[in-house]
Amino acid sequence: TVIAGSSVRGFAALSVSDGTRDTNFNAGLTSGQVYNMLYDSSDSSLILAGGFARASRNGIAAFTVGASSLTLATFYPTYGSSAQASSANGIIPSLAKSGNTVYFAAGYNDVRVGQRIMAFDYTAANTKLWESQPFDVYIRTLSLSGAKIFAGFNGLAGVNGTSRLRLAAFTKSSATLNASFMADIGGWIQEENVPAVAFRGLEASATRVYVAGSFTTVNGASRANLAAVSASSGALDSTFSPTVSGNVGCLELVGGALYI
């Protein structure tokens with residue numbers, strides 16, 4: 001990417017007043033891309049996740065945001081038979097944080113299929129709190145609400161021995177599947193120049209889970225590309241019924257507005 005005539009790899013900080021780049025904030029990425037990032041104002045932490053490489057960090061990197069620079073944090077989770085993401089091919093597309101716990105999905109030995117959701121203590125760099133059983137699909141996005149963590153993925157997955165179609169809920173404090181939450185995101189639409197994936201966005205509130213992507217049904221009812229289900233049961237929320245004719249790539253819930 002080129003910003004103001006300078007090549008930038010994966011990450012940049014821009015002034016909100018005039019859009020100029022602040023070169024003091026450099027993540028030091030050498031290859032690959034950032035797919036997700038989050039900032040926690042309570043501890044000034046910035047976590048990047050994706051398929052990238054940098055010195056001593058691959059796939060996931062955490063920084064402390066200072067007044068005029070980024071400082072690499074000690075947080076760097078490891079798992080499996082080798083250090084997490086041994087190359088830029090180690091893709092970590094999904095990321096969430098609650099308090100001192102960081103959640104993300106990744107596969108052992110850089111595989112995209114057979115991913116697990118993992119929880120690590122941010123204050124103890126290599127302390128793994130739990131991991132789910134492996135999914136046989138690609139986990140695209142995570143969202144937290146109350147005591148639950150929701151996972152959006154592509155296709156029919158066996159989760160802890162139970163089938164789930166593109167959406168599942170777990171207890172946030174463990175890898176326990178929430179058996180009472182059932183939502184099937186059915187069908188997908190192949191669009192020109194868009195990969196054949198159904199799930200692209202997920203945002204959970206206290207009462208609703210909003211889902212976005214390229215799909216045609218939710219729990220058997222007609223819904224195209226954007227829908228809401230109950231956060232407790234997964235039942236389709238019939239009061240939320242937008243008309244969206246094209247793929248929805250991402251979404252963000254802010255107060256009473258849903259941005260897509």
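The first residue in the sequence is number 1, and the count goes up from there.
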Per the salt bridge (charged side-chain N to carboxylate O under 4.0 Å, His left out) rule, what does the pair list look like for residues 25-34, sequence neighbours excluded?
none

Taking side-chain contact (heavy atoms from CB on, under 4.5 Å) as the definition, give me every residue that meets it alongside Thr30, ordered by chain and number, with sequence neighbours left out.
Ala53

If the plane angle is over 60° it's perpendicular, under 30° parallel, otherwise tilted; pick one for Tyr103 and Trp130.
tilted

Under the rule for side-chain contact (heavy atoms from CB on, under 4.5 Å), what residues qualify as partners of Leu38, not counting sequence neighbours?
Ile47, Leu95, Lys97

By the salt bridge (charged side-chain N to carboxylate O under 4.0 Å, His left out) test, which pairs, at least two apart or in different chains, include something from residues 226-239?
Arg208-Asp237

Applying side-chain contact (heavy atoms from CB on, under 4.5 Å) to Ser174 and not counting sequence neighbours gives Thr171, Thr176

What residues form a side-chain contact (heavy atoms from CB on, under 4.5 Å) with Asn24, not counting sequence neighbours?
Asp22

If we ignore hydrogens and angles and just use 3.5 Å, is the side chain of Ser132 paired with the main-chain N or O of Ile117 as donor and acceptor?
yes

Can you list everything that forms a side-chain hydrogen bond (donor to acceptor under 3.5 Å, both in side chains) with Ser42? Sequence neighbours excluded, please.
Asp40

Answer with yes or no after comparing the ring centroid distance for Tyr35 and Phe52 against a 6.0 Å cut-off, counting only values under it.
no

Please name all residues satisfying side-chain hydrogen bond (donor to acceptor under 3.5 Å, both in side chains) with Asn36, sequence neighbours left out, ordered by chain then number.
none

Among residues at least two apart in sequence or on other chains, which ones pass side-chain hydrogen bond (donor to acceptor under 3.5 Å, both in side chains) with Ser98?
Lys172

Residue pairs, two or more places apart or on separate chains, that pass ring-ring contact (aromatic ring centres under 6.0 Å, His included) and touch residues 233-260
Tyr210-Phe240

Which residues satisfy the side-chain hydrogen bond (donor to acceptor under 3.5 Å, both in side chains) test with Thr20, sequence neighbours excluded?
Asp18

With sequence neighbours excluded, tell me which residues meet ring-ring contact (aromatic ring centres under 6.0 Å, His included) with Phe25.
none

